[in-house]
Amino acid sequence: MTSDDPAPFVELREVTKHYPGVTALDAVSLDLRLGEVHALVGENGAGKTTLTGVLTGALHADAGEVFVAGKSVKLDSPAAARKLGIVGISQELAIEPYLTVSDNIVLGQEPTVGPGHQVLSRRLADSTATRALASLGASDVPLGSTAGRLSTARKQLVEIARALALDARVILMDEPTSSLPGSDASKLLELIRELRADAKAILFISHRLEEVIEIADRVTVVRSGRKIATLPIEEAPIDRMIELMVGRSIKDFFPPRRSLPGDVVLEIEGMSRDPEFHDVSLSVRSGEILGLAGLVGAGRTEVMRAVAGADPRDAGTIRLHGDELDPASPSDSIAAGIVYLPEDRTEQGLVLTMSVLENIALPSMARLTQGWGLLRRARVQDLGRQWCSKLGVRGRIEGSVANLSGGNRQKVVIAKWVATTPQVLIFDEPTRGIDVGAKREVFEVMHELAAGGAAIVFVSSEIPELMNVAHRIIVMSAGRVTDELQEHEFDEERILTAAFAAHVERKALT
Amino acid sequence: MKSAIDPDQQGQKPPPSPGARRILEAVWSRLRTIDVRQIGLPIAVVALFVLFSSTSDVFLTARNFQNVSLQAAALALVAFGQAFVILARGLDLSVGSTVAFVSVVTGLVMVDGGVLLGVLAGLAAGLGVGVVNGLVVTRLGVVPFVGTLAMLSIASGAALTLAGGTPIVGLPESFTTLASQRIVGVPLPAIFVIICFGVAFFFLRSTRFGRYIYAIGGNPEAARLSGINVATMTALTYVICSLLAAFGALILTARVASGQPTLGASLALESVAAVVLGGVSLFGGRGSLFGVLMGVVFVSVLGNGLNLLNVRSYTQMIILGTALIAAVALDRRLARRTGD
């Protein structure tokens, strides 16, 4: 980065965006320079995605101005933004799954020939796509293959290639590494460096602050729709960024453990389902929080869903208090006292069309009815009230659960399952996508449940969370258990090594 | 409140009394929470009443209302059933030919076996169609659109085959007069519909199975993980739908006094129209049976009024289709405005 601050290529001035009941962006100003990576960090709901939406023309700001190359512009549609050379690469990749790689790259700007330029030229399309992929060093992506069948990393390459084919000057990346395995993520960072050297302006949004340190030139921190600061990266170490994001010091973030493990409650032995997991054995005690570490795709979710009866298994026994259990459906596991809190709240945990109360009552309804399935409304209400106040759910509990924030939705999911008075709770990535304050509350609930005698399995991809919350950690890699650590042995490096174990072995073999 | 003790305020125009203001605020906040989309259909029904009572002398007579409620009875039952299916994220396009099939089976059995046996046979036929629909959708994994479209063809073919292509006549009078009987002026079929409405409304609203249907429609995976047997409950909605269609078929069969293999051809469209106009989401999980009842009233009153105005039935089909598109388009536009 040069010291004589070059003129910004894109500049937002006091951009404001309201949604019913919230101000998503409150007079935010920000500038992007060519040949620079500008990171944008903040908690969920801080306004990052809204800001990219405004820049890509997908959302309309209520107030404020946007300048591109010194001129005031109107970004009233994605097409307008693309014309100005601004392209967004979204969290959910905008790939047409049934079109070929080549067709995806030229999508919306198909090269045409013939009278009136109405006939698509496959030859020109392929050459455009080849050039774009080559400049990304990704010539090995086959042009003719169906895009939906590519890996996530390669889909992302196709999207970036599309941006290059458009001759984009500004590329907005919203959490581009969140769905990538480690090695692919570092490749992407390398690619971003090359784009920067190629004088592109890049806005990089990530929750992985180490990446931000590694790649960004400047960082802007947002909190509750307001810009807190824009700093050169040298002045923003990770602690400082977190402090700015949260608005307070991060000490005392993890509540203390409150329980001591007792007798074994859940025991699984030799669980296998090809090709997801092999010969997985573990046990959890009453009052214990067992951490389950591993990379995305290590098979943790799959094993736990099988224990919860949500998916089948090829082999393996499940024992609860020594009695064998063979769950054929979630209702079997729930009846036995094993509940699974899914990692994707909106897709799997909640019925968004129903009220908070009804969502909480859903798995307990058999208990809340009298003859002929007649619901006892008063008991449904009591149950919901009781757990909402215990867990501090903020929002109207008679209203739709869709109106709640991510953290409050997570509390509703917890309430829904705790209300069944289970003996074993499986929390799958319970802190994903919720803000720091809500995270602490979730940990407190887990400790309280453990103190009450429940056995808890805590699946998380955040190693610091596991080390500060769990009593014991089991590490999985490529579907197998690769390590087990007692509390006094907790060590980030050892956990990471075990998480990568299967991949390293495979590499050593080839 | 602060202004009342603030000396600077003296001599200025007094603010409206707190009581009055509170009432005004309450009324205003109440008005603001009313969803235009929910009151749109009742307004449309009222508009139809105003329109037809000013253009036809007959419309606002007790006799005509008896007529409408009799005509609406079968549609109402079929639409209630359709609502169960759609609330659970399904669709039943076979309701019309189910009605024809039940009518023929009822007719054939009744001619030789008497009223009770005929009715039971008809209901069994409806039950059978519902069970097959439910199994095809939940066990064989055929999408509802295709599965029930195929059943439309199968049931229709079965009805025509059984009947040999002609109506089955000679039904006992004790059965055919049921449709025209009245209790304190209300046709018997309409009373039956009101009872069915009450039971179905109560089932959806106040039993756990009703809540399960909403949960499945809102998010099938979350419902499954909550321990709900999604396949069985979904299949049950098809059974309920076909059974209600069978009751509708009995009413129509009694009215036309014969087993008709071509009965109910327009019911698939009309029932979906009533359900959608009534505010039930085609994606499932949202809507109430009361709205469906209003949808039935709208479709039936529209047909009746147009009849009285001597609009030909072919033209009426065009009008109903257009009204359906217009209503849904309007709903989408309002939904976008309220950011839903």
Side-chain angles (χ1 to χ4, degrees), chain A residues 18-21 305 308-311 327-336 338-342 344-355 357-377 380 399-403 413 416-417 419-420 426 428, chain B residues 29 32-33 35 37-38 83-84 86-89 138 198-234 236 240 279-288 291 334-340:
Chain A
H18 300 284
Y19 286 115
R305 281 178 61 98
D311 291 326
S329 73
S331 54
D332 292 346
S333 293
I334 294 166
I338 302 175
V339 301
Y340 169 74
L341 287 71
D344 190 331
R345 290 181 286 282
T346 311
E347 291 295 317
Q348 301 170 356
L350 296 170
V351 182
L352 290 184
T353 49
M354 295 180 109
S355 71
L357 280 178
E358 288 181 320
N359 268 287
I360 293 174
L362 212 48
S364 307
M365 277 200 182
R367 213 152 48 78
L368 302 169
T369 49
Q370 48 204 29
W372 291 80
L374 180 65
L375 270 181
R376 297 166 187 252
R377 298 235 166 234
V380 170
S400 165
V401 75
N403 296 332
V413 173
K416 158 180 168 179
W417 289 114
T420 64
I426 303 164
D428 198 349
Chain B
S29 71
R32 275 162 48 121
T33 57
D35 188 348
R37 291 161 66 198
Q38 293 195 347
F84 274 83
I86 291 180
L87 278 173
R89 229 179 238 204
T138 60
V199 171
F201 186 81
F202 183 78
F203 180 88
L204 282 176
R205 207 182 159 82
S206 301
T207 70
R208 71 179 150 116
F209 308 108
R211 295 288 91 193
Y212 287 172
I213 289 173
Y214 276 91
I216 291 167
N219 188 342
E221 180 61 9
R224 193 176 80 90
L225 288 176
S226 299
I228 296 169
N229 192 333
V230 174
T232 305
M233 286 304 298
T234 305
L236 182 66
I240 291 173
V280 174
S281 165
L282 269 178
F283 303 108
R286 247 189 259 238
S288 85
L334 289 170
R336 235 172 296 154
R337 191 181 301 168
T338 54
D340 193 354

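This is a predicted model, so every value here is computed, not measured. Below, read A as the first sequence line, B as the second, and so on, with proteins coming before strands; counting in each chain starts at 1.
Neither the backbone nor the side chain of A:Gln370 comes within less than 4.5 Å of any heavy atom of chain B. The part of A:Arg305 that comes within reach of chain B is its side chain, from C-beta onward, which places non-hydrogen atoms under 4.5 angstrom from that chain. For a residue to count as touching a neighbouring chain, one of its non-hydrogen atoms must lie under 4.5 Å from one of that chain's; by this rule B:Tyr212 touches chain A with the side chain only. Using a 4.5 Å cut-off between heavy atoms, A:Met365 contacts chain B through both its backbone and its side chain. For A:Ser329, no part lies under 4.5 angstrom from a heavy atom of chain B. For A:Gln348, the parts lying near chain B are the backbone and the side chain together; criterion is any non-hydrogen pair under 4.5 Å. Using a 4.5 Å cut-off between heavy atoms, A:Ala366 touches chain B through backbone and side chain atoms alike. Heavy-atom distances place no part of A:Ser364 under 4.5 Å from chain B, backbone and side chain included.
For the pair B:Asn219/A:Leu350, no side-chain contact is recorded, criterion being any heavy-atom separation below 4.5 Å from C-beta on. Looking at heavy atoms from C-beta onward, B:Tyr214 lies out of side-chain contact with A:Val351 at the 4.5 angstrom threshold. Using a 4.5 Å heavy-atom threshold, the side chains of B:Ser206 and A:Leu374 count as touching. Using a 4.5 Å cut-off on side-chain heavy atoms (C-beta onward), B:Leu87 and B:Val280 make contact.
When all heavy atoms of B:Ile228 and B:Met233 are compared, the closest pair comes out as CG2-CG, 4.2 Å.
In this structure, the separation between CD1 on A:Ile360 and CE on A:Met354 is 12.5 Å, given to the nearest 0.5 Å.
Top candidate by heavy-atom pairs under 4.5 Å with chain B, chosen from A:Gly349, A:Pro363, A:Pro330, A:Ala402, is A:Pro330. Most heavy-atom pairs under 4.5 Å with chain B: of the set A:Pro342, A:Ala310, A:Ala361, this distinction falls to A:Ala310. Counting heavy-atom pairs closer than 4.5 Å to chain A, the top residue among B:Gly218, B:Ser226, B:Ala223, B:Gly227 is B:Ser226.
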inquiry  = Run the side chain to side chain contact (heavy atoms under 4.5 Å, CB included) test on A:Arg377 and B:Arg205 for me, step by step, so that the C-alpha distance in whole Å, both residues' side-chain angles and the decisive distance to 0.1 Å come before the verdict.
reply    = CA-CA 10 Å; A:Arg377 298 235 166 234; B:Arg205 207 182 159 82; 4.0 Å; yes
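A donor-acceptor pair under 3.5 Å is formed between the side chain of A:Ser400 and the backbone N or O of A:Leu352.
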